[in-house]
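Sharing a structure, written as structure tokens. Questions coming.
The figures that follow rest on heavy atoms only: side chains count, while hydrogens, waters and symmetry mates do not. Numbers restart at 1 for each chain; the letters A, B, ... are given by sequence-line order, proteins then strands. Worth saying up front: this structure is predicted, and the values here are computed from it rather than measured.
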Amino acid sequence: MNTEDTAAPEEVHDFIRDRVRGDLANGTVDHLATRFPPEPNGYLHIGHAKSICLNFGVAQEFGGHCNLRFDDTNPAKEDQEFIDAIQADVKWLDVGWDGDVKYTSDNFEKLYEWAEHLIGKGLAYIEDLSADEMREYRGTLTEPGRESPSRSRSVDENLDLFRRMRAGEFEDGARVLRARIDMAAGNINLRDPVLYRIVRAPHPRTGDAWCIYPTYDFAHGQTDAMEGVTHSLCTLEFEDHRPLYDWLIENLPVPARPRQYEFSRLNMTHSILSKRLLTQLVADGHVAGWDDPRMPTVSGLRRRGVPASAIRDFISRLSISKNEGTVEAAMLEHCIRDPLNDSALRRMGVLRPLKVVIENYPEGQIEEVDAVNNPRDETAGTRKVPFCREIYVERDDFMEDAPKKFFRLSLGREVRLRAAYFVTCTDVIKDDAGEVIELRCTYDPETRGGDSPDGRKVKGTLHWVSAQHAVEAEVRLYNPLFADENPGAAEDFVSALNPDSLEVLTGCKLEPVLADIPAGEVVQFERLGYFCTDPDATAENPVFNRTVGLRDSFAKAMAKK
RNA sequence: UGGGGCGUAGCCAAGUGGUAAGGCAACGGGUUUUGAUCCCGUCAUGCGCAGGUUCGAUCCCUGCCGCCCCAGCCA
């Protein structure tokens, strides 16, 4: 028996899991429930993936349950498209979601009832002040606010006005319901925060049943309580809201006592993880859509070929803390290559073709050489690759005045063609402009398969594709959307966009089996990187995306010079 | 100048009153029919700074400094 297979998975430790463990051990809670509560006003990005992995992960680890709950309290911004896309992303991430969906809007009636309850206790009132006036009354960070004249209204009058708000008697923005807490509180969230506002916009779930909607603050904790959520995990910017969260829970007849814990959100170099800014990129056409492979969205990463397991692994290496930092994108890249290195079938594709004629190879002859599909996995077997007199190699694999350390083709140098033969460059053909347009080589028939019987060694092995059998394709190379490490610091993030984030290569030459690659499968183009087909591909025009390049220490060394 | 947080290597981080895990990156070496992978090694006399308590402090105390969040009828 393999002990590795039976070893218990190691306990994950971070301040939240330690807290959960403690609460469960000392009886503070008798079960564990979390929730992932996206607002359906955009697509999920990798920062959300952190929250998803945390919430679903904790639930799974401690025998609890995690709800996917749409926080749909603002119909002015939300849309069914996002509800659908978010579900598809969560499902794809494969974090143990059971398919059950909850909505804050499921509880609108109960929330309304509790708002009346608060009014009845004298803890909430209808505000007549305009938004601007309220801002004035609120004070500043260093000065206390002033109490509004509306604050002294009677319970009956408040109740009456609130019911009339619901009935649609007032214009949007005419009045709001506020909590009556403390206009002088140092924490501005406690200066009589808004609980309900009038919004006439069709709601994706409730249509026009309501014209008043609860704010996040009023809805979130109470919905947690109704769903039996024990640990409500959110990001640091909500830390200031916790006293309000607690105040509402304490003053309402809720069936449970959820607690909020805050962790730091994910930041990553060369990208922007703000739904507002990502929305702008999409709306203004700077990218092709939410699932543009350059986007840090879950759907963008998926389209690019990133395995869900890579995202989960990436998140698990981050750990949960309250430190605000920025993870290097290289970390994600490593996590993407890691599983692909094990699973991806090796193929050959020439991105920037340079024709090579093997002069001593019989005209019209075609051979099929055996190539290993995956050196990391013997069961992946081998495949036949056609070889003939004319082939393509990568332009970068030839250099005229090559330095000694250039282990590739140059006049007079011998290299190995992967799985085929040793070839030696005998002539370089140029066009009138002096551009190299073709290489003439000779091959050594004794080296079939890639080894020389005389023990002769070559330093370089090149990928190649038979000219006669090549599949022509378009290949899209992706570079960071932002060249700068920290685009968020730019005065205008749009101007920080990397003009070279997308490189489209046409006329690429791929080995024949690539014509039949299934959608969604990621293969390695040897020596280049990992690639998969893009949904834009058609039978006439295959399109491949580069998921991520291979590490390239040679290029790195050259760049240093 | 109000309130709430955070400061351990280039990055993400664990950690304990007893002498600083791990991962990524980087660098050096070995293997290699992918300049990939894989393997081996190096990488904090130091835990924001300054005092104090203590036999001993990254961990306790005090005072500073730096960074982040909050003045939506967004979430």
- When all nucleic acid strands are considered with a 4.0 Å heavy-atom cut-off, which category describes A/Thr140: base, sugar-phosphate, or nothing? base
- Message: Between P on B/U37 and CZ on A/Phe554, what's the gap in Å once rounded to a whole number?
- Response: 16 Å
- Whole angstrom is fine here: how far is it from CG in A/Asn323 over to P in B/C68? 15 Å
- Query: Side-chain donor or acceptor of A/Arg346 under 3.5 Å from a matching atom on the base of B/U34?
  - Reply: yes
- If we take the P atom in both B/G35 and B/C12, what is their distance in whole Å? 33 Å
- Is A/Tyr530 touching bases, backbone alone, or none of the nucleic acid, heavy atoms closer than 4.0 Å? nothing
- Whole-Å distance between B/G35 P and A/Arg551 CZ? 14 Å
For nucleotides 72-75 of chain B, which of its nitrogen or oxygen atoms have a protein nitrogen or oxygen under 3.5 Å away, and what is each distance?
| unit_1 | atom_1 | unit_2 | atom_2 | d |
| --- | --- | --- | --- | --- |
| B/G72 | OP2 | A/Arg135 | NH1 | 3.4 |
| B/G72 | OP2 | A/Arg138 | NH2 | 3.0 |
| B/C73 | OP1 | A/Arg138 | NH2 | 3.4 |
| B/C73 | OP2 | A/Arg138 | NH1 | 3.4 |
| B/C73 | N3 | A/Gly173 | O | 3.1 |
| B/C73 | N4 | A/Leu129 | O | 3.4 |
| B/C73 | N4 | A/Ala131 | N | 3.3 |
| B/C73 | N4 | A/Gly173 | O | 2.8 |
| B/C74 | OP2 | A/Arg197 | NE | 3.2 |
| B/C74 | OP2 | A/Arg197 | NH2 | 3.1 |
| B/C74 | O3' | A/Arg197 | NH2 | 3.1 |
| B/C74 | O2' | A/Asn74 | ND2 | 3.3 |
| B/A75 | OP1 | A/Thr73 | OG1 | 2.7 |
| B/A75 | OP1 | A/Arg197 | NH1 | 3.4 |
| B/A75 | OP1 | A/Arg197 | NH2 | 2.6 |
| B/A75 | OP2 | A/Tyr216 | N | 3.0 |
| B/A75 | O3' | A/Asp71 | OD2 | 2.9 |
| B/A75 | N6 | A/His241 | NE2 | 3.1 |

- Message: For the P atoms, the ones on B/G48 and on B/A9, what distance do you get once it is rounded to whole angstrom?
- Response: 8 Å
- Item | Distance between C1' atoms of B/G46 and B/G7 (Å, rounded) | 15 Å
- Query: Do the side chain of A/Arg408 and the base of B/G35 come within less than 3.5 angstrom through a donor-acceptor pair of N or O atoms?
  - Reply: yes
- Task: Only counting residues at least two apart or in another chain, list the ones meeting salt bridge (charged side-chain N to carboxylate O under 4.0 Å, His left out) with A/Asp128.
- Result: A/Arg153, A/Arg175
- Query: What interatomic distance, in whole Å, is found between P of B/G2 and the corresponding atom of B/C64?
  - Reply: 12 Å
- Query: Is the distance between the ring centroids of A/Trp114 and A/Phe218 less than 6.0 Å?
  - Reply: no
- Query: Are the side chains of A/Leu68 and A/Pro38 in touch, meaning some heavy atoms are under 4.5 Å apart?
  - Reply: yes
- Query: Of all of residues 313-320 of chain A, which get a heavy atom below 4.0 angstrom from RNA chain B, listed by number?
  - Reply: A/Arg317, A/Leu318, A/Ser319, A/Ile320
- Query: If only atom types and distance count, is the side chain of A/Asn55 paired as donor or acceptor with the main-chain N or O of A/Phe36 below 3.5 Å?
  - Reply: no
- Task: Using a 3.5 Å limit on both pairing distances, list the dot-bracket string of RNA chain B from the 5' end; Watson-Crick and G-U wobble pairs count, crossing pairs take [ ], interstrand pairs take |.
- Result: .((((((..(((.....[...))).(((((.......))))).....(((((..]....))))))))))).....
- Message: At 4.0 Å (heavy atoms only), tell me whether A/Gln524 reaches a base, stays on the sugar-phosphate, or touches nothing.
- Response: base
- Task: Identify whether any heavy atom of A/Arg418 sits under 4.0 Å from a base atom; if not, whether one sits that close to sugar-phosphate; answer base, sugar-phosphate or nothing.
- Result: base
- Query: Can you check whether A/Thr235 reaches A/Ser51 side chain to side chain, under 4.5 Å on heavy atoms?
  - Reply: no
- Task: Please say whether more than 12 non-hydrogen atoms of neighbouring residues, nucleotides or ligands are located less than 6.0 Å from CD in A/Glu378.
- Result: no
- Pairwise side-chain contact, A/Glu11 with A/Arg21, heavy-atom cut-off 4.5 Å (strictly under): yes
- Without swapping roles, check the side chain of A/Thr297 against the backbone of A/Trp290 for a donor-acceptor pair under 3.5 Å. yes
- Query: Has the side chain of A/Arg138 got a donor or acceptor atom that lies under 3.5 Å from a matching backbone atom of A/Asp192?
  - Reply: no
- Query: So, does the side chain of A/Asp240 form a donor-acceptor pair with the base of B/G3 at under 3.5 Å?
  - Reply: yes
- Query: Just to confirm, is there a sub-4.0 Å distance from OP1 or OP2 of B/G4 to any side-chain nitrogen or oxygen of A/Lys322?
  - Reply: no
- Counting only side-chain N and O atoms of A/Thr326, is one of them less than 4.0 Å from OP1 or OP2 of B/C11? no
- Query: Touch check for A/Pro375, heavy atoms < 4.0 angstrom, all strands: base, sugar-phosphate only, or nothing?
  - Reply: base
- Note on the structure: Residues passing the salt bridge (charged side-chain N to carboxylate O under 4.0 Å, His left out) test with A/Asp182, sequence neighbours excluded, are none
- So does A/Arg337 get a side-chain nitrogen or oxygen closer than 4.0 Å to the phosphate oxygens (OP1/OP2) of B/U37? no
- Could you work out the separation of B/G28 and B/A21 based on their P atoms and round it to a whole Å? 25 Å
- State whether A/Tyr261 and A/Arg19 meet the cation-pi test: NZ (Lys) or CZ (Arg) under 6.0 Å from the six-membered ring centroid, and within 45° of the perpendicular axis. no
- Item | Partner set under side chain to side chain donor-acceptor pair (under 3.5 Å) for A/Gln280, not counting sequence neighbours | none
- Item | Closest-nucleotide 5' rank along RNA chain B - winner of A/Asp338 and A/Leu417 | A/Leu417
- Query: Can you tell me how far P in B/A44 sits from the matching atom in B/C6, rounded to whole Å?
  - Reply: 28 Å
- Task: Return yes if a side-chain donor-acceptor contact under 3.5 Å exists between A/Tyr245 and A/Asp224, otherwise no.
- Result: yes
- Could you measure between the two C1' atoms, the one in B/G66 and the one in B/U34, and give it in whole Å? 47 Å
- Query: Any N or O donor-acceptor pair linking the side chain of A/Glu262 to the base of B/G5 at under 3.5 Å?
  - Reply: no
- Query: Distance between the P atoms of B/C61 and B/U53, in whole angstroms?
  - Reply: 15 Å
- Residue pair A/His241 / A/His220, side-chain heavy-atom distance below 4.5 Å: no
- Does OP1 or OP2 of B/U34 have a side-chain N or O of A/His463 closer than 4.0 Å? no
- Task: Using whole Å, report how far CE of A/Met331 lies from C1' of B/G22.
- Result: 10 Å
